[in-house]
Student: 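Quick one: the structure is below, and I'll ask about it shortly.
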Amino acid sequence: MGKNLYITTAIPYVNGTPHVGHAVDYLLADIWTRYQAQNGKRVRFQAGTDEHGNKIAAKAAEEGLDPKAYADKMYINFQNFIKKVGASNTDFIRTTDPHHEGAVQWIWQKLLPYIYKGKYEGWYCTGHEAFFTDKEVESLNGTCPDHQKPFERIVEDNYYLKASAFTDQIRDAIEKNKMRIVPEYRKNEFLELIKDGVKDVSISRPKKSLSWGVPVPGDPSQVIYVWVDALPNYLTVLGFPDHPEWQDYWPAEVQVIGKDILRFHAGIWPAMLLGMGVALPKTLLVHGHVNVGGAKMSKSVGNVVDPNQVIDEYGVDAFRYFFSRHIPTQDDGDFTWEKFETAYNTELGNDLGNLVQRVSSMITRYQSGVIGDAPQAEHDMQPYRLAMEELKFNEALDCVWANVRNLNQYIDSVKPWEVAKNKDNDKDAEEHLAEILATAVGTLLQVADLLVPFLPNTAKYIHDTFESGAIKDQGRMLFPKIYKHTADPRAPKTQGGQVAKEQPAEQK
RNA sequence: CGCGGGGUGGAGCAGUCUGGUCAGCUCGUGUGGCUCAUAACCACAAGGUCGCAGGUUCGAAUCCUGCCCCCGCAACCA
């Protein structure tokens with residue numbers, strides 16, 4: 001039938017709290033999922049958590065828990081967060097699921113022809129019992145600050161995956177768009193990166209340096225490192241390899257990832273799939289990062305934006321709106337509270353919310369709430385569809401707002417309030433008025449349809465208001481004004497129209 | 001010579017591949033209109049040497065050359 005589609009999101013490391021980056025992942029996948037579902041497709045939408053590794057073990061120890069108990073406590077944060085952003089995932093996987101762990105070992109064995117033993121060399125801290133990257137070691141001047149000991153250069157036995165064997169196949173798949181990397185410039189970037197070939201990658205650690213993870217089959221002294229453990233989640237969540245239903249959804253139509261993990265998803269992951277003889281995903285959608293006021297979000301700078309706060313203060317639809325329209329799907333975006341609030345008040349409040357209000361109010365006032373036959377709106381929605389297909393969600397929303405704007409213009413040009421003055425003694429005027437308002441409703445219903453993937457609650461509000469043929473009061477306004485970060489124009493003008501400045505940010 | 005992205009009215013961007021119809025859009029600002037509406041909506045206006053310097057061309061934001069500046073990335077960080 002070709003009706004089954006599958007979309008995935010990166011699984012965050014469970015140590016830590018959900019942040020804006022995760023939200024972008026979930027949002028993009030959710031928008032796509034709802035869009036496809038609206039078009040009659042059956043979609044599975046995966047999310048999950050990565051729960052193995054030293055950092056988890058360390059954090060757990062700090063809290064006096066065993067690693068699994070710690071993960072059990074933490075993964076809930078992500079499940080709750082996914083609900084909070086309104087994501088409609090159908091599946092959730094934890095890398096500590098027994099089925100997953102078993103599948104990972106199965107995969108390891110399947111990949112044996114491409115696995116060889118090698119040496120791993122790196123900077124090691126005996127206090128942490130962990131390796132550090134060259135960059136970290138350099139920035140710390142070669143000494144571990146926690147243990148006051150110099151990092152040691154050590155060599156240990158590792159298993160390696162011969163990813164290099166698949167260089168040609170991977171390059172070919174990317175170049176021919178059999179595995180499409182979107183946007184195009186990311187594709188070029190990656191091809192440039194592997195021009196000398198895909199590098200083999202270390203896929204295990206001695207048990208002594210990686211305590212919390214899946215054992216290597218047949219070698220209890222080694223534990224499977226993150227790649228072979230985490231990446232296969234996209235398959236195992238579907239039941240791979242033992243439940244054949246996984247084949248109903250794989251290969252994934254879209255895998256949503258951040259720009260920082262492209263190289264793993266375009267290199268190591270395809271190598272594993274090819275090694276197993278499993279099809280490659282059709283599309284990797286690479287999104288950018290969210291900056292704040294032009295600067296990288298970082299804990300040390302203290303400019304981290306908590307998505308929970310945004311949602312709590314402005315509502316989930318407002319959050320989804322800003323992050324899908326003003327954070328470009330395929331590029332980095334910029335968040336500031338001022339920008340966010342301006343978009344909320346002007347675009348959501350003035351343009352859309354007010355439009356819904358003015359139409360329903362006229363119908364209530366002039367026609368006692370009776371709408372009559374709303375004609376099918378006939379706006380050309382090709383640009384919207386095209387943008388959705390090209391995974392440029394922000395551009396699709398631009399199209400919706402063009403509709404909103406057009407309707408506002410239309411209403412101003414036909415002036416229903418003028419027409420209404422004659423409706424009681426002029427049959428034509430009465431009919432004309434009804435026609436105008438029904439046309440407006442038709443457009444609004446279409447707008448609501450187009451908003452379903454993005455702002456499901458708002459779409460429902462509009463549908464509920466107009467759908468039944470009579471105005472149904474929803475008992476609340478859409479997007480009432482909020483002025484926390486921008487000047488309130490309704491406030492009495494003071495000297496220079498200034499509003500009391502925000503308290504300077506406390507130093508953290 | 002590491003790789004990549006970018007420099008367009010106050011802000012954020014589109015346009016650059018396929019030179020002219022390109023100087024466009026949103027926000028902000030000003031003026032006017034309207035009154036159905038969430039002080040909203042609609043119209044109009046002000047404001048730009050399209051990073052700099054050369055070159056190609058009848059004609060360049062758009063092609064070529066050189067230079068300046070900003071920002072990411074550089075392997076396990078969404």
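A, B, ... follow the sequence lines: proteins, then strands. Residue 1 opens every chain.
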Student: Quick check, does A/His289 stack with B/rA78? I mean ring centres under 5.5 Å and planes off by under 30°.
Tutor: yes
Student: A/Trp227 near the nucleic acid: base, sugar-phosphate alone, or nothing, with a heavy-atom cut-off under 4.0 Å?
Tutor: base
Student: Just checking, A/Arg320 and A/Phe454: is the charged tip under 6.0 Å from the six-membered ring centre and within 45° of the axis?
Tutor: no
Student: Between B/rC27, B/rC36, B/rU38, which one does the side chain of A/Tyr366 approach most closely?
Tutor: B/rC36
Student: Base, sugar-phosphate alone, or nothing: which one does A/Val359 contact when heavy atoms must sit under 4.0 Å apart?
Tutor: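 Result for A/Val359 = nothing.
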Student: Between A/Asp332 and A/Leu193, which has a closest nucleotide on RNA chain B that is more 5'?
Tutor: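 Per heavy-atom nearest nucleotide, the more 5' residue is A/Asp332.
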Student: Side chain of A/Ile411 only, heavy atoms from C-beta on: which candidate in B/rU38, B/rC36, B/rC76 is closest?
Tutor: B/rC36
Student: To the nearest Å, give me how far apart CG (A/Asn408) and P (B/rU35) are.
Tutor: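 After rounding, the gap between these two atoms is 16 Å.
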Student: For nucleotides B/rC3 and B/rC67, find the distance between their P atoms and express it as a whole number of Å.
Tutor: 14 Å
Student: Across the strands shown, which category fits A/Glu418 at heavy-atom distances under 4.0 angstrom: base, sugar-phosphate, nothing?
Tutor: sugar-phosphate
Student: Atom CG of A/Leu397 and atom P of B/rA14: how far apart are they, to the nearest Å?
Tutor: 17 Å
Student: With a 3.5 angstrom cut-off on both distances, give the Watson-Crick or G-U wobble partner of B/rC67, or none if there isn't one.
Tutor: B/rG51
Student: Could you tell me whether A/Pro416 contacts a base, only the sugar-phosphate backbone, or nothing, with contacts defined as non-hydrogen atoms closer than 4.0 Å?
Tutor: nothing
Student: Show the nearest heavy-atom pair for residues A/Ser211 and A/Asn54, with the distance to one decimal.
Tutor: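 Looking at all heavy atoms of both residues, the shortest contact is N-OD1, 3.6 Å.
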Student: Any strand counts, and the cut-off is 3.5 Å on both contacts for Watson-Crick or G-U wobble. Which nucleotide pairs with B/rC41?
Tutor: B/rG33
Student: For B/rC73, give the paired nucleotide (Watson-Crick: N1-N3 plus N6-O4 or O6-N4; G-U: N1-O2 and O6-N3; both under 3.5 Å), or none.
Tutor: B/rG2
Student: Between A/Thr342 and A/Lys339, name the one whose nearest nucleotide on RNA chain B is closer to the 5' end.
Tutor: A/Lys339
Student: Using the C1' atom as the reference point in each nucleotide, state the distance between B/rC63 and B/rG19 in Å, no decimals.
Tutor: 7 Å
Student: So if I take every side-chain heavy atom of A/Asn354 and compare against B/rC41, B/rU35, B/rG28, which nucleotide ends up nearest?
Tutor: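 Between B/rC41, B/rU35, B/rG28, the one nearest the side chain of A/Asn354 would be B/rC41.
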Student: Anything under 30° is parallel, anything over 60° is perpendicular, the rest tilted; go ahead and classify A/Tyr75 against A/Phe92.
Tutor: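 Tilted: the ring planes of A/Tyr75 and A/Phe92 meet at 30° to 60°.
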Student: Checking all strands, does A/Gly21 fall into the base, sugar-phosphate, or nothing category for heavy-atom contacts under 4.0 angstrom?
Tutor: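 The answer is base, as A/Gly21 lies within the cut-off (heavy atoms under 4.0 Å) of a base atom.
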Student: Just to be sure I understand the rule, does A/Lys259 reach a base, reach only the sugar-phosphate, or reach nothing, if contact means heavy atoms closer than 4.0 Å?
Tutor: sugar-phosphate
Student: Compare the minimum distances between each of B/rC27, B/rA75, B/rA78 and the side chain of A/Lys199, then state the nucleotide with the smallest one.
Tutor: B/rA75
Student: By nearest atom, which of the nucleotides B/rC27, B/rC36, B/rG4 is closest to the A/Glu189 side chain?
Tutor: B/rG4
Student: A/His22 has a side chain; which of B/rC36, B/rA78, B/rC76 sits nearest to it?
Tutor: B/rA78
Student: Taking atom C1' of B/rC27 as reference, at what distance in whole Å does atom CD of A/Glu347 sit?
Tutor: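 Roughly 8 Å, once rounded to whole Å.
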Student: Return the nearest nucleotide to the side chain of A/Leu478; candidates are B/rG33, B/rU38, B/rC73.
Tutor: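 Shortest atom-to-atom distance from the side chain points to B/rU38.
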Student: Using the side-chain heavy atoms of A/Gln409, tell me which of these nucleotides is nearest: B/rA43, B/rU38, B/rC36.
Tutor: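 Ranking B/rA43, B/rU38, B/rC36 by closest atom to the A/Gln409 side chain puts B/rA43 first.
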Student: Between A/Gln222 (side chain only) and A/Asp157 (backbone N and O only), is there a donor and an acceptor less than 3.5 Å apart?
Tutor: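 At least one qualifying donor-acceptor pair exists.
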Student: Evaluate the criterion salt bridge (charged side-chain N to carboxylate O under 4.0 Å, His left out) for residue pair A/Lys481 and A/Asp488; output intermediate values, then yes/no.
Tutor: CA-CA 9 Å; A/Lys481 292 293 162 59; A/Asp488 185 347; over 6 Å; no
Student: When you get a sec, tell me which of B/rG72, B/rU38, B/rC36 is the closest nucleotide to the side chain of A/Met477?
Tutor: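 Nearest to the side chain of A/Met477 among the choices is B/rU38.
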Student: Please report the distance separating the P of B/rA11 from the corresponding atom of B/rG7, rounded so that it comes out in whole Å.
Tutor: 14 Å
Student: Would you indicate which nucleotide in B/rC41, B/rC36, B/rG12 comes nearest to any side-chain atom of A/Trp417?
Tutor: B/rC36
Student: So which of A/Tyr314, A/Phe340, A/Trp401 actually passes ring pair (Phe, Tyr, Trp, His ring centres under 6.0 Å) with A/Tyr321?
Tutor: A/Trp401
Student: Do the side-chain N or O atoms of A/Arg365 get closer than 4.0 angstrom to the phosphate oxygens (OP1, OP2) of B/rU35?
Tutor: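 Looking at the OP1 and OP2 atoms of B/rU35, neither is under 4.0 Å from any side-chain N or O of A/Arg365.
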Student: Quick one: is A/Arg405 getting a side-chain N or O under 4.0 Å of the B/rU26 phosphate, OP1 or OP2?
Tutor: yes
Student: B/rU65 and B/rC73: how far apart are their C1' atoms, nearest whole angstrom?
Tutor: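 28 Å, rounded to whole Å.
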Student: Pick base, sugar-phosphate or nothing for A/Ile257, based on heavy-atom distances below 4.0 Å to the nucleic acid.
Tutor: nothing
Student: Base, sugar-phosphate or nothing for A/His19? Non-hydrogen atoms, less than 4.0 Å.
Tutor: base
Student: Please report the distance separating the P of B/rA14 from the corresponding atom of B/rC25, rounded so that it comes out in whole Å.
Tutor: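 Approximately 15 Å lies between the P atom of B/rA14 and that of B/rC25.
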Student: After noting the C-alpha distance and the side-chain angles of A/Ile11 and A/Thr49, does the key distance pass the side chain to side chain contact (heavy atoms under 4.5 Å, CB included) rule?
Tutor: CA-CA 5 Å; A/Ile11 54 173; A/Thr49 39; 5.5 Å; no
Student: Looking only at side-chain N and O atoms, does A/Asn403 offer a donor or acceptor that is under 3.5 Å from a partner on A/Tyr384?
Tutor: no
